[in-house]
Amino acid sequence: MDSIKAKDFRAYPKTDLSALPTYEDFGLSEKALKKRLEHVRKRLGKFQDTLYAHGKYAVLVCIQGMDTAGKDSLIREVFKDFNARGVVVHSFKVPTELERKHDYLWRHYIALPARGKFGVFNRTHYENVLVTRVHPEYILGEYLPDVRQVSDIDQAFWDRRFDQINAFEKTLAENGTLIFKFFLNISKEEQRQRLLRRLEKKEKNWKFSPGDLDERELWDQYQACYQEAISKTTFGHAPWYVIPSDSKPAARYLFASILYEELTRYTDIEEPVLSEDLQARISEFKARLEAE
(Lines give C-alpha, C1' and ligand atoms only; values in the text may rest on other atoms or scores of the structure.)
Protein backbone atom coordinates (compact mmCIF):
# COMPACT_ATOMS: atom_id res chain seq x y z
CA MET A 1 0.00 0.00 0.00
CA ASP A 2 2.90 2.37 0.70
CA SER A 3 3.78 2.44 -3.01
CA ILE A 4 0.37 3.89 -3.93
CA LYS A 5 -0.06 7.63 -3.57
CA ALA A 6 -3.50 9.17 -3.90
CA LYS A 7 -2.08 12.27 -5.56
CA ASP A 8 -0.92 10.18 -8.53
CA PHE A 9 -4.54 9.37 -9.40
CA ARG A 10 -6.09 12.71 -8.51
CA ALA A 11 -7.83 14.56 -11.34
CA TYR A 12 -7.26 18.27 -11.89
CA PRO A 13 -9.02 20.80 -14.14
CA LYS A 14 -6.52 20.22 -16.96
CA THR A 15 -6.37 16.42 -16.61
CA ASP A 16 -6.83 14.70 -19.98
CA LEU A 17 -8.83 11.52 -19.39
CA SER A 18 -7.89 10.10 -22.79
CA ALA A 19 -4.22 10.15 -21.79
CA LEU A 20 -4.74 8.18 -18.59
CA PRO A 21 -4.25 4.40 -18.37
CA THR A 22 -7.18 2.04 -18.03
CA TYR A 23 -5.04 -0.89 -16.85
CA GLU A 24 -2.76 -1.23 -13.84
CA ASP A 25 -1.79 -4.26 -11.77
CA PHE A 26 1.09 -2.79 -9.70
CA GLY A 27 3.19 -5.79 -10.69
CA LEU A 28 1.09 -8.06 -8.47
CA SER A 29 -0.81 -11.25 -9.11
CA GLU A 30 -4.58 -11.34 -8.70
CA LYS A 31 -4.11 -13.35 -5.49
CA ALA A 32 -1.69 -10.78 -4.07
CA LEU A 33 -4.04 -7.92 -4.98
CA LYS A 34 -6.92 -9.62 -3.18
CA LYS A 35 -4.72 -10.16 -0.11
CA ARG A 36 -3.73 -6.51 -0.02
CA LEU A 37 -7.33 -5.43 -0.42
CA GLU A 38 -8.30 -7.55 2.60
CA HIS A 39 -5.66 -5.73 4.65
CA VAL A 40 -6.78 -2.25 3.58
CA ARG A 41 -10.50 -2.87 3.94
CA LYS A 42 -9.99 -4.08 7.53
CA ARG A 43 -8.29 -0.76 8.24
CA LEU A 44 -11.20 1.04 6.61
CA GLY A 45 -13.64 -0.94 8.75
CA LYS A 46 -11.76 0.11 11.89
CA PHE A 47 -11.75 3.72 10.71
CA GLN A 48 -15.51 3.55 10.23
CA ASP A 49 -15.93 2.46 13.85
CA THR A 50 -13.86 5.44 14.97
CA LEU A 51 -15.77 7.81 12.68
CA TYR A 52 -19.04 6.61 14.21
CA ALA A 53 -17.78 7.10 17.77
CA HIS A 54 -16.36 10.54 16.90
CA GLY A 55 -19.67 11.57 15.37
CA LYS A 56 -18.65 14.88 13.79
CA TYR A 57 -18.03 13.93 10.17
CA ALA A 58 -19.92 12.06 7.47
CA VAL A 59 -18.20 10.49 4.47
CA LEU A 60 -19.72 10.58 0.99
CA VAL A 61 -18.15 8.30 -1.61
CA CYS A 62 -19.32 8.91 -5.18
CA ILE A 63 -18.66 6.28 -7.87
CA GLN A 64 -19.15 6.84 -11.58
CA GLY A 65 -18.17 4.81 -14.62
CA MET A 66 -19.37 3.45 -17.92
CA ASP A 67 -21.58 0.35 -17.99
CA THR A 68 -19.62 -2.76 -16.85
CA ALA A 69 -16.97 -0.62 -15.12
CA GLY A 70 -17.35 -2.77 -11.99
CA LYS A 71 -19.12 -0.41 -9.62
CA ASP A 72 -21.34 -3.00 -7.90
CA SER A 73 -18.62 -5.58 -7.30
CA LEU A 74 -16.18 -2.91 -6.11
CA ILE A 75 -18.65 -1.72 -3.49
CA ARG A 76 -19.31 -5.28 -2.38
CA GLU A 77 -15.62 -6.14 -2.00
CA VAL A 78 -14.30 -2.89 -0.52
CA PHE A 79 -16.97 -2.32 2.13
CA LYS A 80 -17.60 -5.88 3.31
CA ASP A 81 -15.70 -5.36 6.61
CA PHE A 82 -17.81 -2.34 7.58
CA ASN A 83 -20.44 -2.47 10.28
CA ALA A 84 -23.64 -2.69 8.23
CA ARG A 85 -25.18 0.10 10.30
CA GLY A 86 -22.30 2.43 9.48
CA VAL A 87 -22.54 2.45 5.69
CA VAL A 88 -25.51 3.01 3.39
CA VAL A 89 -25.30 2.37 -0.36
CA HIS A 90 -27.64 4.14 -2.76
CA SER A 91 -27.92 3.08 -6.38
CA PHE A 92 -29.62 5.83 -8.33
CA LYS A 93 -31.72 4.60 -11.25
CA VAL A 94 -34.03 6.48 -13.62
CA PRO A 95 -35.81 9.18 -11.57
CA THR A 96 -39.30 8.34 -10.39
CA GLU A 97 -42.28 10.58 -11.06
CA LEU A 98 -42.03 11.97 -7.52
CA GLU A 99 -38.32 12.68 -7.94
CA ARG A 100 -38.96 14.52 -11.20
CA LYS A 101 -41.41 16.77 -9.34
CA HIS A 102 -38.42 18.08 -7.34
CA ASP A 103 -35.15 19.63 -8.43
CA TYR A 104 -32.62 17.07 -9.67
CA LEU A 105 -30.52 17.24 -6.49
CA TRP A 106 -33.43 16.51 -4.13
CA ARG A 107 -33.17 12.73 -4.20
CA HIS A 108 -29.46 13.00 -3.47
CA TYR A 109 -29.95 15.39 -0.57
CA ILE A 110 -32.30 13.01 1.20
CA ALA A 111 -29.89 10.10 0.72
CA LEU A 112 -26.88 11.85 2.28
CA PRO A 113 -25.12 10.08 5.16
CA ALA A 114 -25.56 11.29 8.72
CA ARG A 115 -22.56 12.29 10.81
CA GLY A 116 -20.64 9.20 11.85
CA LYS A 117 -21.63 7.23 8.75
CA PHE A 118 -20.46 6.46 5.24
CA GLY A 119 -22.75 7.00 2.27
CA VAL A 120 -21.87 5.39 -1.05
CA PHE A 121 -23.53 6.69 -4.19
CA ASN A 122 -23.46 4.10 -6.98
CA ARG A 123 -24.06 6.48 -9.85
CA THR A 124 -24.58 9.94 -8.50
CA HIS A 125 -25.84 13.46 -9.00
CA TYR A 126 -23.37 13.56 -11.92
CA GLU A 127 -25.79 11.54 -14.01
CA ASN A 128 -27.52 14.91 -14.42
CA VAL A 129 -24.59 16.22 -16.49
CA LEU A 130 -23.72 12.88 -18.12
CA VAL A 131 -26.70 10.76 -19.22
CA THR A 132 -28.94 13.78 -19.61
CA ARG A 133 -26.27 15.54 -21.62
CA VAL A 134 -25.89 12.65 -24.03
CA HIS A 135 -29.70 12.37 -24.09
CA PRO A 136 -30.90 15.97 -23.57
CA GLU A 137 -34.46 14.92 -24.35
CA TYR A 138 -34.57 13.45 -20.83
CA ILE A 139 -34.46 16.99 -19.46
CA LEU A 140 -37.90 17.61 -20.90
CA GLY A 141 -39.28 15.23 -18.27
CA GLU A 142 -38.00 17.41 -15.42
CA TYR A 143 -40.80 19.98 -15.82
CA LEU A 144 -38.39 22.92 -15.89
CA PRO A 145 -40.21 26.21 -16.60
CA ASP A 146 -37.61 27.53 -19.05
CA VAL A 147 -37.11 24.32 -21.03
CA ARG A 148 -39.84 23.65 -23.55
CA GLN A 149 -37.76 21.93 -26.22
CA VAL A 150 -34.31 20.41 -26.61
CA SER A 151 -32.99 23.54 -28.34
CA ASP A 152 -33.51 25.42 -25.05
CA ILE A 153 -30.75 23.29 -23.47
CA ASP A 154 -27.56 25.13 -24.38
CA GLN A 155 -24.04 25.34 -22.93
CA ALA A 156 -25.20 27.97 -20.45
CA PHE A 157 -27.69 25.43 -19.09
CA TRP A 158 -24.92 22.90 -18.42
CA ASP A 159 -22.62 25.53 -16.95
CA ARG A 160 -25.36 26.41 -14.45
CA ARG A 161 -25.65 22.76 -13.51
CA PHE A 162 -21.92 22.54 -12.88
CA ASP A 163 -22.19 25.64 -10.67
CA GLN A 164 -25.13 24.09 -8.79
CA ILE A 165 -23.30 20.82 -8.22
CA ASN A 166 -20.20 22.67 -7.03
CA ALA A 167 -22.30 24.73 -4.63
CA PHE A 168 -24.05 21.57 -3.38
CA GLU A 169 -20.74 19.86 -2.62
CA LYS A 170 -19.15 22.96 -1.10
CA THR A 171 -22.09 23.31 1.30
CA LEU A 172 -21.75 19.67 2.33
CA ALA A 173 -18.00 19.98 2.85
CA GLU A 174 -18.37 23.14 4.94
CA ASN A 175 -20.78 21.28 7.20
CA GLY A 176 -18.68 18.23 7.93
CA THR A 177 -19.12 15.85 4.99
CA LEU A 178 -15.89 14.46 3.54
CA ILE A 179 -16.41 13.95 -0.19
CA PHE A 180 -14.46 11.59 -2.45
CA LYS A 181 -15.37 11.02 -6.09
CA PHE A 182 -14.09 8.12 -8.17
CA PHE A 183 -14.27 7.55 -11.92
CA LEU A 184 -13.73 3.89 -12.84
CA ASN A 185 -11.84 4.25 -16.10
CA ILE A 186 -12.18 1.26 -18.44
CA SER A 187 -11.26 0.85 -22.08
CA LYS A 188 -13.82 0.35 -24.81
CA GLU A 189 -12.32 -3.06 -25.58
CA GLU A 190 -12.61 -4.17 -21.95
CA GLN A 191 -16.25 -3.13 -21.93
CA ARG A 192 -16.80 -5.22 -25.08
CA GLN A 193 -15.28 -8.26 -23.38
CA ARG A 194 -17.40 -7.79 -20.25
CA LEU A 195 -20.59 -7.44 -22.28
CA LEU A 196 -19.70 -10.62 -24.14
CA ARG A 197 -19.25 -12.44 -20.82
CA ARG A 198 -22.74 -11.34 -19.80
CA LEU A 199 -24.06 -13.03 -22.90
CA GLU A 200 -21.87 -16.13 -22.72
CA LYS A 201 -22.39 -16.97 -19.04
CA LYS A 202 -25.95 -17.96 -18.26
CA GLU A 203 -25.71 -16.74 -14.65
CA LYS A 204 -24.78 -13.27 -15.96
CA ASN A 205 -27.47 -13.01 -18.66
CA TRP A 206 -29.76 -11.04 -16.36
CA LYS A 207 -27.25 -8.17 -16.32
CA PHE A 208 -27.50 -7.66 -20.07
CA SER A 209 -29.84 -5.24 -21.78
CA PRO A 210 -29.99 -4.44 -25.51
CA GLY A 211 -29.79 -0.82 -24.41
CA ASP A 212 -26.21 -1.48 -23.30
CA LEU A 213 -25.22 -1.81 -26.95
CA ASP A 214 -27.06 1.37 -27.91
CA GLU A 215 -25.25 3.29 -25.18
CA ARG A 216 -21.93 1.76 -26.22
CA GLU A 217 -22.32 3.37 -29.63
CA LEU A 218 -22.27 6.72 -27.81
CA TRP A 219 -18.92 5.96 -26.12
CA ASP A 220 -17.09 9.03 -27.42
CA GLN A 221 -19.91 11.35 -26.36
CA TYR A 222 -19.87 9.93 -22.86
CA GLN A 223 -16.09 10.27 -22.63
CA ALA A 224 -16.32 13.93 -23.64
CA CYS A 225 -19.01 14.54 -21.02
CA TYR A 226 -16.94 12.85 -18.32
CA GLN A 227 -13.95 14.94 -19.34
CA GLU A 228 -15.82 18.20 -18.90
CA ALA A 229 -17.69 17.14 -15.75
CA ILE A 230 -14.55 16.03 -13.94
CA SER A 231 -12.45 19.00 -15.02
CA LYS A 232 -15.11 21.47 -13.86
CA THR A 233 -15.92 19.85 -10.51
CA THR A 234 -12.65 18.58 -9.01
CA PHE A 235 -11.62 20.65 -5.99
CA GLY A 236 -9.70 20.15 -2.78
CA HIS A 237 -12.91 19.75 -0.78
CA ALA A 238 -14.43 17.36 -3.35
CA PRO A 239 -11.68 15.76 -5.43
CA TRP A 240 -12.04 13.32 -8.30
CA TYR A 241 -9.79 10.26 -8.60
CA VAL A 242 -9.45 8.34 -11.85
CA ILE A 243 -9.08 4.59 -11.24
CA PRO A 244 -7.65 2.34 -13.99
CA SER A 245 -10.33 -0.36 -13.98
CA ASP A 246 -9.61 -2.93 -16.70
CA SER A 247 -8.35 -5.13 -13.85
CA LYS A 248 -11.09 -5.39 -11.23
CA PRO A 249 -8.81 -6.69 -8.41
CA ALA A 250 -6.34 -3.85 -8.98
CA ALA A 251 -9.11 -1.24 -9.20
CA ARG A 252 -10.61 -2.38 -5.88
CA TYR A 253 -7.25 -2.34 -4.14
CA LEU A 254 -6.37 1.08 -5.54
CA PHE A 255 -9.78 2.53 -4.65
CA ALA A 256 -9.55 1.26 -1.05
CA SER A 257 -5.96 2.44 -0.67
CA ILE A 258 -6.73 5.97 -1.86
CA LEU A 259 -9.80 6.22 0.34
CA TYR A 260 -7.89 5.05 3.42
CA GLU A 261 -4.94 7.35 2.74
CA GLU A 262 -7.14 10.40 2.33
CA LEU A 263 -9.35 9.64 5.33
CA THR A 264 -6.43 9.19 7.71
CA ARG A 265 -5.30 12.73 6.96
CA TYR A 266 -8.12 13.81 9.28
CA THR A 267 -6.16 13.26 12.47
CA ASP A 268 -8.86 14.83 14.62
CA ILE A 269 -11.11 11.82 13.99
CA GLU A 270 -10.55 9.70 17.07
CA GLU A 271 -12.59 7.83 19.60
CA PRO A 272 -13.85 10.06 22.44
CA VAL A 273 -12.17 9.74 25.83
CA LEU A 274 -14.10 9.49 29.08
CA SER A 275 -13.89 12.53 31.32
CA GLU A 276 -11.35 12.40 34.14
CA ASP A 277 -14.19 12.16 36.63
CA LEU A 278 -15.67 9.07 34.95
CA GLN A 279 -12.27 7.46 34.46
CA ALA A 280 -11.59 7.85 38.18
CA ARG A 281 -14.84 5.99 38.93
CA ILE A 282 -14.31 2.98 36.61
CA SER A 283 -13.41 0.73 39.54
CA GLU A 284 -16.59 1.81 41.32
CA PHE A 285 -18.75 0.98 38.29
CA LYS A 286 -17.08 -2.41 37.88
CA ALA A 287 -17.64 -3.21 41.54
CA ARG A 288 -21.34 -2.42 41.28
CA LEU A 289 -21.72 -4.77 38.30
CA GLU A 290 -19.67 -7.54 39.88
CA ALA A 291 -21.76 -7.32 43.07
CA GLU A 292 -25.02 -8.09 41.24
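Keep in mind it's a predicted model, so treat the numbers as computed, not measured.
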Item to complete: Any chance you could lay out the side-chain hydrogen bond (donor to acceptor under 3.5 Å, both in side chains) test for Arg252 and Ser73, step after step, and finish with the verdict?
Response: CA-CA 9 Å; Arg252 295 163 188 165; Ser73 61; 3.0 Å; yes
Item to complete: Walk me through it: do Lys181 and Ile179 pass the test side chain to side chain contact (heavy atoms under 4.5 Å, CB included)?
Response: CA-CA 7 Å; Lys181 301 177 293 192; Ile179 304 170; 4.0 Å; yes
Fill in: Stepwise salt bridge (Lys or Arg N to Asp or Glu O under 4.0 Å) test for Glu190 and Arg197
CA-CA 11 Å; Glu190 179 61 23; Arg197 284 196 290 275; 3.5 Å; yes
Item to complete: For the pair Thr124 and Ile63, evaluate side chain to side chain contact (heavy atoms under 4.5 Å, CB included) and give the outcome as yes or no after the intermediate values.
Response: CA-CA 7 Å; Thr124 71; Ile63 305 174; 5.7 Å; no
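The ring-ring contact (aromatic ring centres under 6.0 Å, His included) search around Tyr226 returns Phe183, not counting sequence neighbours. Taking Gln191 as the reference, Arg216 meet the side chain to side chain donor-acceptor pair (under 3.5 Å) condition, with sequence neighbours excluded. Remark: Tyr23 engages no residue in a ring-ring contact (aromatic ring centres under 6.0 Å, His included) (not counting sequence neighbours). By the ring-ring contact (aromatic ring centres under 6.0 Å, His included) test, Phe82 pairs with Phe79, Phe118, sequence neighbours left out. Listed by chain and residue number, Tyr241, Phe255 satisfy the ring-ring contact (aromatic ring centres under 6.0 Å, His included) test with Phe182 (two or more places apart in sequence, or in another chain). With sequence neighbours left out, Arg288 forms a side chain to side chain donor-acceptor pair (under 3.5 Å) with no residue at all.
For the side-chain hydrogen bond (donor to acceptor under 3.5 Å, both in side chains) condition, the pairs that include at least one residue of residues 139-150, sequence neighbours left out, are Glu97-Tyr143, Glu142-Arg161, Gln149-Ser151. Within the structure, salt bridge (charged side-chain N to carboxylate O under 4.0 Å, His left out) contacts touching residues 77-92 (residues at least two apart or in different chains) are Arg41-Glu77, Arg41-Asp81, Glu77-Lys80. Every pair passing salt bridge (charged side-chain N to carboxylate O under 4.0 Å, His left out) that includes a residue from residues 223-245 is listed here, sequence neighbours excluded: Arg133-Glu228, Asp159-Lys232, Glu228-Lys232.
For the 3.5 Å distance criterion, the side chains of Asn83 and Asp49 fail to qualify, holding no donor opposite an acceptor. Side-chain contact of Tyr104 with Glu127: a donor-acceptor pair under 3.5 Å is absent, judged by distance alone. In the model, Arg115 has no side-chain atom that pairs as donor or acceptor with a side-chain atom of Thr177 under 3.5 Å. Side chains of Asn185 and Thr22: a donor-acceptor N/O pair is absent below 3.5 angstrom, by distance only. Residues Tyr126 and Thr233 have side chains that bring a donor and an acceptor to within less than 3.5 angstrom of each other. With no hydrogens or angles considered, no side-chain donor-acceptor pair links Gln227 and Gln223 at under 3.5 Å.
In this structure, Val89 is not a member of the same hydrophobic cluster as Tyr109, with clusters built from ILVMFWY side-chain heavy atoms closer than 4.5 Å. Note: the hydrophobic cluster containing Leu105 also contains Phe157 (ILVMFWY, side chain heavy atoms under 4.5 Å, direct or indirect links). Linking ILVMFWY residues whenever their side-chain heavy atoms come closer than 4.5 Å, directly or via other members, places Tyr222 and Leu20 in the same cluster.
Contact check for Phe92 versus His90: side-chain heavy atoms found under the 4.5 Å cut-off. The shortest side-chain heavy-atom distance between Arg123 and Lys71 falls under the 4.5 Å cut-off. At least one side-chain heavy atom of Thr132 sits under 4.5 Å from a side-chain heavy atom of Trp158. Looking at Tyr138 and Val131, their side chains come closer than 4.5 Å, going by heavy atoms from C-beta outward. In this structure the side chain of Cys225 reaches within 4.5 angstrom of the side chain of Val134, judged on heavy atoms. Residues Ile153 and Val147 have side chains in contact (heavy-atom distance under 4.5 Å, counting atoms from C-beta outward). Proximity of Arg265 to Glu261: side-chain heavy atoms (C-beta onward) are nowhere separated by under 4.5 Å. Leu140 is listed as a side-chain neighbour of Val150, based on a closest heavy-atom distance under 4.5 Å.
Contact record, Pro113 with Leu60: CD-CD1, 4.2 Å, taken as the closest heavy-atom pair. Taking each heavy atom of His237 and Ala173 in turn, the nearest pair found is CB-CB, 3.8 Å.
To the nearest 0.5 angstrom, Ile258 atom CD1 is 11.5 Å from Leu263 atom CG. Taking NE2 of His125 as the reference point, atom CD of Gln164 lies at 12.0 Å (rounded to 0.5 Å). Expressed to the nearest 0.5 Å, how far CG of Asp25 lies from CG of Leu254 amounts to 12.0 Å. Note that the CG atom of Leu37 and the OG atom of Ser257 stand 8.0 Å from one another [nearest 0.5 Å]. One distance of note links OG1 of Thr171 with CG of Asn166; it measures 10.5 Å at 0.5 Å rounding. Separating the CH2 atom in Trp240 from the OH atom in Tyr12 is a distance of 15.5 Å, to the nearest 0.5 Å.
A salt bridge does not link Glu200 to Arg194: none of the charged side-chain nitrogens sits closer than 4.0 Å to a carboxylate oxygen. A salt bridge links Glu174 with Lys170; the closest basic N to acidic carboxylate O contact falls under 4.0 Å. Under a 4.0 Å N-O distance rule, the pair Glu30/Lys34 qualifies as a salt bridge.
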Donor-acceptor contacts under 3.5 Å from residues 206-213 side chains, at least two apart:
| residue | atom | partner | partner atom | Å |
| --- | --- | --- | --- | --- |
| Trp206 | NE1 | Glu203 | O | 3.1 |
| Ser209 | OG | Gly211 | N | 3.2 |
| Asp212 | OD2 | Ser209 | N | 3.1 |

Please tabulate, for side-chain N and O atoms in residues 266-276, each donor-acceptor pair with protein atoms closer than 3.5 Å (sequence neighbours left out).
| residue | atom | partner | partner atom | Å |
| --- | --- | --- | --- | --- |
| Asp268 | OD2 | Tyr57 | OH | 2.8 |
| Glu271 | OE2 | Lys46 | NZ | 3.4 |
| Ser275 | OG | Leu278 | N | 3.3 |

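Under a 4.5 Å side-chain heavy-atom cut-off, the cluster of Ile, Leu, Val, Met, Phe, Trp and Tyr residues that includes Trp106 is completed by Leu98, Ile110.
A donor-acceptor pair under 3.5 Å links the side-chain atoms of Thr234 to the main chain of Ala11, judged by distance alone. A donor-acceptor pair under 3.5 Å links the side-chain atoms of Asn205 to the main chain of Lys201, judged by distance alone. Checked by atom type and distance alone, the side chain of Glu24 never pairs as donor or acceptor with a backbone atom of Pro244 at under 3.5 Å. No donor-acceptor distance shorter than 3.5 angstrom exists from the side chain of Lys204 to the backbone of Leu199, with no hydrogens or angles considered.
Aromatic ring orientation, His108 versus Phe121: tilted (interplanar angle from 30° to 60°).
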